[in-house]
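Side-chain atoms are counted along with the backbone in the values below, which use heavy atoms only and exclude waters and symmetry mates. The chains referred to below are lettered A, B, ... by the order of the sequence lines, with proteins before strands, and numbering in each begins at 1.
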Amino acid sequence: MSRLWDILKRNTMLIVLILVMILFEILIRWNTNGYGSLFRPTNVTNLINQNGYVVILTCGMLLCILTGGNIDLSIGSIVALVGAIAGVFMVNWGTNIYLSMALCLLIGLGLGAWQAFWVAYIKIPPFITTLSGMLAFRGFAWLILGGLTISAFPPGFSRYFNSFLPGTGTPGENYAFTITVAVVAALALIAIQFWTRLKKIRKHYEVEPMWELLLRLVFGCFVIIATGHLLGRDKGIPVILILLAVVVLVYNFFTMNTVPGRRLYAMGGNEKAARLSGVNTDRLMFFCYANMGFLSALAALICVARFDTANPSAGTNYELDAIGACFIGGASAYGGVGTIFGCIIGAIFMGVLNNGMSLLGMGADWQRTVKGLVLLAAVIFDVLSQKRKRLS
Amino acid sequence: MSGILLEMQGITKTFPGVKALDNVNLRVEDGEIHALVGENGAGKSTLMKVLAGDYPHGDYDGTIIYDGKECRFTGMKDSERLGIVTIHQELALVPNLSIAENMFLGNERGSYFRLDWDQTFQMTTKYLRMVGLDEAPHVLVKDIGVGKQQLVEIAKALAKKVRLLILDEPTASLNDNDSQKLLDLLVELKKGGMTSILISHKLSEVSQIADHITVIRDGTTIETLTRGVDDFSEPRIIRGMVGREMTDRFPKRESHPGDIGLEVRNWTVHHPLYPERKVCDDIDIHVRKGEVVGISGLMGAGRTELAMSVFGRSYGTKISGRILIDGREVALNSVQDAIANKLAYVTEDRKGCGLLLASDIRENTTLANLGRISSRRGVLDKDKEIQLAKVYTDLLSVKCSGIDQLAGNLSGGNQQKVLLSKWMFAEPEVLILDEPTRGIDVGAKYEIYTIINKLVEAKKTVLMISSELPEILGMCDRIYVMSEGRIVGEFTQAEANQEAIMACILSAKPPEKPDVVPIAQGA
């Protein structure tokens, strides 16, 4: 029983997310006389498309926060700048789209590296360095676009971000394909989990109780298949969902299962101790900020494709979305604590909040107010539960 | 010695799951120095927190009678109003404020919206003179040594019209010289009518100045010894603390020194902030395999600076000199190089520079050698990590609920063991141990000594820095004495004794040495 309580406590944010979803569902149904729903197939597709960039940026932001509560304020501006460059390449100059995408990602990496250099090796506080980037990169985007927007991107480019799998096909085919993929994914999840468990048993290592594993699997499979079901009834699997899944899995693996990932947590936990244990903290810091630039460029491509325009004021306040998602997702403002999955839940939470309030017809005024208060509430909750843990 | 100033009766304080204090009784006479001794975790600090009002009335059972009246404190302010002031082990001074500002912090002179700086400075000078500290009131606290900071704390207490001063391990971070000054000051203040309660692990100090000694073990008062009536010798006090006679405080070891494991030649290090100042000056030392060599000296002599500069240049600038490991010259330009060359440095500051307090034992153990639990591509094998972390935790008999207990929740002694296991996990050949037993109790010290002996028996090279002379004398085969950044003497175990080493330190240095900036701020 205490173990179950433990699991619940470890996943508070997930439970809160589920409760909020249920609350919105009830409110929306009541508001629209049972017509509207958070879980309408088109709305689920919308949720994924609208929040793709937040998930990508959150992964990068978590790494920065882990180094010691440092944040990157410039990412919204990098999104605008890289988007502008993408527009110039693809629309104005007609450059090959693959070459353009590669160059955009490289430029993002370069912008990140520029800031990372000052932060990591010259020890300029990240807040100031990235504040400068926030202003300068935005200005640069305006310069490049001359204050105008560029639109009508080649369809060959947009298709990598906006289309759906299987793409062509009747609704019946769409559904069959999507649900098959979901079932395969669920089976893969089950297979992997049992495989690692068997491996542990064979080496006589300790394993968690069976019911805990089953609980996790049932929940995981339910989410995957339910999502597949809803997406199948709409247009199929959004390509961007696959991109998101890859990014999340890669960064989760990096933070949880690699040496530099572990060192990142050590650095945030106690930088002096990490340095005296042979951790090259400067290099890690450089990596995190350079990586943030790279992911911002990726987010830029997603945004450009979604709106089909390069806009100098694109990406405004994106940094705040990412920072908010991380803190709601349980990252510590002092660094060293937080997981990719936690922060993704934070990102989904923010997305559901936006989406739910829009469906309820709340104006931007109320949406901002609520989001602001929720952020504070999440951190207060975190601080209080930490305090209680310390006392017991 | 007039009446009773303080009487604590039947104090019981429980935390969830633990009874920290169980029916504790303490009687303190007016105008005495009352020592409180006991192992770490025995409940001394908890008792003092009850007294100071840190745990408000109602949070504990029992009564506190102070100055003939029963007291029910709701917070520290209440106890301070009656003149009960606590000086904690970790000093509560703000480094970037001046001595005067610190002295009257929370007790400001003048009105709420207009500080009276003239009065502040004048009174500061007065109290500084009282504690015998010769510093100007406007000097920043970060620019004076730890010893002087301790005196500032006492002056601060005096400014609050203290009647009962509680000192929690006041000499833990002081060298012998500064400790003695502090003890003399306490005796001096006692003559002026001040009462103090002294918590200390250094039993020699306790038996030197205390009028009564109360021994606490496992949350209960065991006995109170009275000067002139009871035996005040260290073995007698230790018997009360641990409940048995500790005949030998240092485990025996057969020493068979082999080849030279570590040699440092012509090592010169300059201060990182004041590059014209030499922190280590032309140092030549060597340590053989299977040998424990001690470095003795006062705080600020440059011992930690020497160790850290050798350990991958993690301290200092303009470093010159040569390092030989196994007779082979090595270039240790980074901590990574040092670890790769099988060198380990176990820091003196386990909380600040050693452990990840918010991480569990497992992550702390493996941090310095993650390569041992990962594939060549840098992917961690967490199962192997758990396995190995358990091996080391058992090897050093760390008392914990499991390897997933957070390092910050362990007692000092067990934290020190985790720190040691972390560096043993790195599989070094040469270990530099900086104050390996600072602030831990007698029993845990013995265990640490046993581990050191095991290391030496496995032919490791051990260099030990310690400010406690008995420890240096009890553990080391050979002893270097360091003063003002230079090696000023070398003793074999047979030649060494406390007097000889102290004489060596003192003859090599001018009587009043300017304090060195503590390393934490220098680095």
Side-chain angles (χ1 to χ4, degrees), chain A residues 2 6 10 66 68-69 195-208 250 252-284 287 331-338 382 386 388-392, chain B residues 15-18 308 311-312 314-315 334-340 343-347 349-359 363-364 366-387 390 402-403 406-409 419 422-423 425-426 520 523:
Chain A
S2 72
D6 236 39
R10 241 182 297 142
L66 283 178
W195 172 245
T196 45
R197 186 184 170 87
L198 273 179
K199 229 169 45 181
K200 278 191 186 188
I201 291 175
R202 216 177 300 146
K203 290 189 196 162
H204 304 288
Y205 291 159
E206 241 174 76
V207 288
E208 60 193 346
V250 165
N252 186 58
F253 186 81
F254 171 77
T255 51
M256 304 307 287
N257 290 301
T258 67
V259 170
R262 172 65 63 80
R263 289 183 169 167
L264 189 56
Y265 282 95
M267 175 183 173
N270 185 343
E271 193 178 338
K272 273 193 218 160
R275 228 173 327 162
L276 282 176
S277 305
V279 174
N280 190 336
T281 51
D282 294 348
R283 201 162 61 192
L284 266 180
F287 166 78
S332 157
Y334 304 103
V337 176
D382 186 48
Q386 290 296 329
R388 206 166 314 132
K389 214 185 288 166
R390 233 178 293 135
L391 282 180
S392 63
Chain B
F15 292 106
V18 212
M308 286 182 70
F311 188 62
S314 31
Y315 173 89
S334 65
V335 176
Q336 290 89 317
D337 289 349
I339 294 175
L343 192 64
Y345 168 69
V346 181
T347 173
D349 181 7
R350 62 176 167 265
K351 287 187 177 164
C353 305
L355 295 172
L356 311 173
L357 294 174
S359 297
E363 287 181 30
N364 273 293
T366 55
L367 181 63
N369 191 6
L370 287 171
R372 208 173 147 190
I373 51 156
S374 61
S375 71
R376 200 170 303 160
R377 288 210 187 114
V379 177
L380 295 174
D381 182 346
K382 289 194 178 176
D383 296 330
K384 193 172 173 191
E385 178 180 27
I386 292 171
Q387 211 69 357
K390 271 187 189 148
I403 56 164
L406 298 187
N409 294 343
L419 190 60
K422 161 179 162 181
W423 285 107
F425 183 84

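- A:Lys200 and B:Asp383 are joined by a salt bridge, as a carboxylate oxygen and a charged side-chain nitrogen come within less than 4.0 angstrom of each other.
- With a 4.5 angstrom heavy-atom cutoff, B:Glu363 touches chain A via backbone and side-chain atoms both.
- For the options A:Met256, A:Arg262, A:Glu271, heavy-atom pairs under 4.5 Å to chain B are most numerous at A:Arg262.
- Contact tally against chain A (heavy-atom pairs below 4.5 Å) for B:Thr366, B:Ile339, B:Leu370, B:Asn369: the top residue is B:Leu370.
- Note that CE of A:Met267 and CG of B:Leu356 are 12.5 Å apart. Values are rounded to the nearest 0.5 Å.
- Minimum interatomic distance between B:Leu367 and A:Ala266 (heavy atoms only, all atoms of both residues): CD1-CB, 3.5 Å.
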Run A:Val259 and B:Leu380 through side-chain contact (heavy atoms from CB on, under 4.5 Å) and show every step you take.
CA-CA 6 Å; A:Val259 170; B:Leu380 295 174; 3.8 Å; yes
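- The OH atom of B:Tyr315 sits 13.5 Å away from the CG atom of A:Leu276 when rounded to the nearest 0.5 Å.
- Only the backbone of B:Leu355 comes within less than 4.5 Å of a heavy atom of chain A; no side-chain atom from C-beta onward does.
- Only the side chain of B:Lys422 comes within less than 4.5 Å of a heavy atom of chain A; its backbone N, CA, C and O stay farther away.
- Remark: A:Lys272 NZ to B:Thr347 OG1 distance equals 9.0 Å, nearest 0.5 Å.
- Environment of CZ in B:Arg372: crowded, with over 12 heavy atoms of neighbouring residues, nucleotides or ligands closer than 6.0 Å.
- For A:Phe253, the part lying near chain B is the side chain, with the backbone staying farther off; criterion is any non-hydrogen pair under 4.5 Å.
- The two residues A:Pro260 and B:Gly378 have their closest heavy-atom pair at CD-O, 4.5 Å.
- The environment of NZ in B:Lys382 is crowded: more than 12 heavy-atom neighbours from other residues, nucleotides or ligands sit within 6.0 Å.
- In this structure a side-chain-to-backbone donor-acceptor pair under 3.5 Å is missing from A:Asn257 to B:Val379.
- In this structure, the side chain of A:Asn280 does not engage the main chain of B:Gln336 through any donor-acceptor pair within 3.5 Å.
- In terms of heavy-atom pairs under 4.5 angstrom with chain A, the leader among B:Ala426, B:Gly352, B:Gly371 is B:Gly352.
- Annotation: maximal heavy-atom pairing with chain A below 4.5 Å, among B:Ser374, B:Gly354, B:Ala358, occurs at B:Gly354.
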